[in-house]
2 protein chains.
Amino acid sequence: MPRKPTYDREDLIKRARDLFWRRGWAGTSLKDLEAALQMKPGSFYAAFGSKDALFELAMDRYAQDGAERLRVLAQEHGPLQALQQFPDVAIANKDAPAKACMLSKTLLELQAHNHPLASKANQHLLRMEQYFAELFQQAQAVGDIDSRHDPKVLARRYQSDLLGLRVSAEREGIDAKAIAEEISDSLTCL
Amino acid sequence: MPRKPTYDREDLIKRARDLFWRRGWAGTSLKDLEAALQMKPGSFYAAFGSKDALFELAMDRYAQDGAERLRVLAQEHGPLQALQQFPDVAIANKDAPAKACMLSKTLLELQAHNHPLASKANQHLLRMEQYFAELFQQAQAVGDIDSRHDPKVLARRYQSDLLGLRVSAEREGIDAKAIAEEISDSLTCL
DNA sequence: TATATACTTGAGCGATCACTCAAGAAAGCC
DNA sequence: GGCTTTCTTGAGTGATCGCTCAAGTATATA
């Protein structure tokens, strides 16, 4: 009976993610989204409900992809090398819509307004931090990192460094690759 | 002949700075500014010309204050201790409208739109970075830091760490003071 | 082929955006 | 006090915001 949508929902979410990631929440208008997704307002709202709802889907997708990239790195090279390579991976992608982290951008933009998306971003950041802690712990288990360190402390600092790196990478005239390497190197002597 | 303004221009700029710092560029409307500055649109535009022009004044003031705080620290405690204390100083102020750096917030929000305020923010960041490099160099001159390090490299990494710290400080449930201490400690063993 | 059931379209909603401007109010000089 | 000059006021500008909804279109079932 029904008629099927002409679009690929997952593809639309990815396109929305790229737009939101690059331009931010307020910086992305419905008109921008309509153009990027090739959708009229009616279809848009039938499919996603609201701009905020789509932003949340986009952010979920962003976070999921980031965690997945780290998971693959860990599986291929082990926990320590994954953590060491991740900074460079995070800023190296030329096709990425922005160097800075979408989660931190969202947090900084919307935190002051107590917008639900800001706490959602914080949740995703927390989950990543926990994942980092797990990898630090695994690296300790195999003897790559001194077990006297608290993995949670290491993860907290690592994530902070990563956020700083990615803000710096957004700047012009900054050799972010060098910073990434320094972060990576600082893990070697733990 | 003329009639003098009833307001203190410098005070207005400070209030605007606090508002822009906390809520960002798009997040601060003219209505917000009118309320915070107690000005009607006519007076506002006569005094500042545009929202962007006032934002620029506010950002200049922000950058100037930051540099001044560092200058005072350096004068009182010397270059190394100034650099060591600065991270904590940057996030400790309870009255500050936000923990994150206004320059990085502006950069992240407006860079994708090629907005002039974004490159202005980048200029301010660059100036701070150069100031950090000077202090690292001075610390080397007095023997507090190994002179084999490149002060520019140290400054670049230091600023990146600082930006990360201040993004982290904006999050809820993060012990930013601990991160600040770690950044500080990492300067001890140079 | 007829019908039911989505999906698509796009004009247009009220609200808010940054901003303007003519008129009124106040202060300094004669 | 009168005049000039500036500052203050606030209603109102066109544009854009996120979003709605009735009408039109296409598709799968009967």
Side-chain angles (χ1 to χ4, degrees), chain A residues 1-13 15-59 105-106 109-110 112-118 120, chain B residues 1-13 15-59 105-106 109-110 112-118 120:
Chain A
M1 287 167 180
R3 177 182 169 195
K4 282 179 186 169
T6 60
Y7 51 72
D8 174 357
R9 183 177 172 88
E10 285 306 307
D11 179 55
L12 291 185
I13 293 174
R15 275 190 269 173
R17 175 203 60 192
D18 287 357
L19 209 56
F20 280 131
W21 182 2
R22 209 172 86 83
R23 319 234 270 176
W25 181 81
T28 307
S29 71
L30 253 294
K31 217 169 187 180
D32 294 332
L33 286 167
E34 287 166 29
L37 308 190
Q38 297 274 56
M39 285 179 109
K40 308 295 171 188
S43 297
F44 179 90
Y45 283 92
F48 301 114
S50 71
K51 179 185 171 182
D52 281 5
L54 178 56
F55 193 103
E56 185 169 348
L57 289 174
M59 194 160 55
K105 287 184 76 169
T106 303
E109 182 181 4
L110 300 178
H113 303 289
N114 292 321
H115 196 296
L117 288 169
K120 183 89 187 179
Chain B
M1 289 166 178
R3 177 183 168 192
K4 283 180 184 168
T6 61
Y7 51 73
D8 174 358
R9 185 177 170 86
E10 285 305 307
D11 180 53
L12 290 185
I13 293 175
R15 274 191 270 173
R17 174 204 60 192
D18 287 357
L19 208 56
F20 280 132
W21 183 0
R22 209 173 86 82
R23 317 234 270 177
W25 180 80
T28 306
S29 71
L30 254 294
K31 218 170 189 181
D32 295 332
L33 286 166
E34 287 166 29
L37 308 190
Q38 297 273 57
M39 286 179 107
K40 307 295 170 189
S43 297
F44 179 91
Y45 282 93
F48 301 113
S50 71
K51 179 185 171 182
D52 280 6
L54 178 56
F55 193 102
E56 185 168 348
L57 290 174
M59 193 160 56
K105 287 183 77 169
T106 303
E109 183 181 3
L110 301 177
H113 302 288
N114 292 322
H115 195 296
L117 287 169
K120 183 91 187 178

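Residue numbering restarts at 1 for every chain, and letters A, B, ... go by the order of the sequence lines. All values below come from the heavy atoms of this structure, side chains included, with hydrogens, waters and symmetry mates left out.
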The nucleotide from C:dT8, D:dG18, D:dT8 with an atom nearest the side chain of B:S43 is D:dT8
Output for pair (A:R9 CZ, A:F48 CZ), nearest 0.5 Å, gives 5.0 Å
Here the distance between atom P of D:dC17 and atom CG of A:D52, to the nearest Å, is 15 Å
Rounded to whole Å, CD of B:E34 lies from P of D:dT9 at a distance of 11 Å
Q | Pairwise side-chain contact, A:H115 with A:D52, heavy-atom cut-off 4.5 Å (strictly under) | A | yes
Can you see if the side chain of A:K40 gets near the phosphate of C:dT8 - specifically, an N or O under 4.0 Å from OP1 or OP2? no
Against the side chain of B:K31, the closest entry in D:dT8, C:dC17, D:dT9 is C:dC17
Rounded to whole Å, the CG-C1' distance (A:L33 to D:dT16) equals 15 Å
Separation of D:dG18 atom C1' from A:F55 atom CZ, nearest Å, is 15 Å
Picking from C:dT9, C:dT8, C:dT20, the nucleotide nearest the side-chain atoms of A:T6 would be C:dT8
Next on the checklist: For a quick test of reading the model: is some side-chain N or O of B:Y45 closer than 4.0 Å to OP1 or OP2 of C:dT20?
Outcome noted: no
Whole-Å distance, A:D8 CG to C:dC7 P, equals 15 Å
Here the distance between atom C1' of D:dT20 and atom CZ of A:F44, to the nearest Å, is 14 Å
All heavy atoms of B:G27 vs all of A:H113, minimum pair found to be O-CE1, 3.4 Å
Rounded to whole Å, CG of A:L117 lies from P of D:dG18 at a distance of 14 Å
Which is true for B:F48 with a 4.0 Å heavy-atom rule: it touches a base, it touches only sugar-phosphate, or it touches nothing?
nothing
Among the nucleotides D:dC19, C:dT8, C:dA18, whichever has the atom closest to the side chain of A:A46 is C:dT8
Among C:dT8, D:dC19, D:dG18, the one nearest any side-chain atom of A:S29 is D:dG18
With the side chain defined as heavy atoms from C-beta on, B:P41 is closest, among D:dT8, D:dA11, C:dG10, to D:dA11
Rounded to whole Å, the CD-C1' distance (A:Q38 to C:dT8) equals 13 Å
Nearest heavy-atom contact between A:P41 and A:E34 is CG-OE2, 3.5 Å
Short side-chain N/O contact from A:K51 to OP1 or OP2 of D:dG18, under 4.0 Å = yes
With side chains defined as the heavy atoms from C-beta onward, is the minimum distance between A:W25 and A:T106 less than 4.5 Å? no
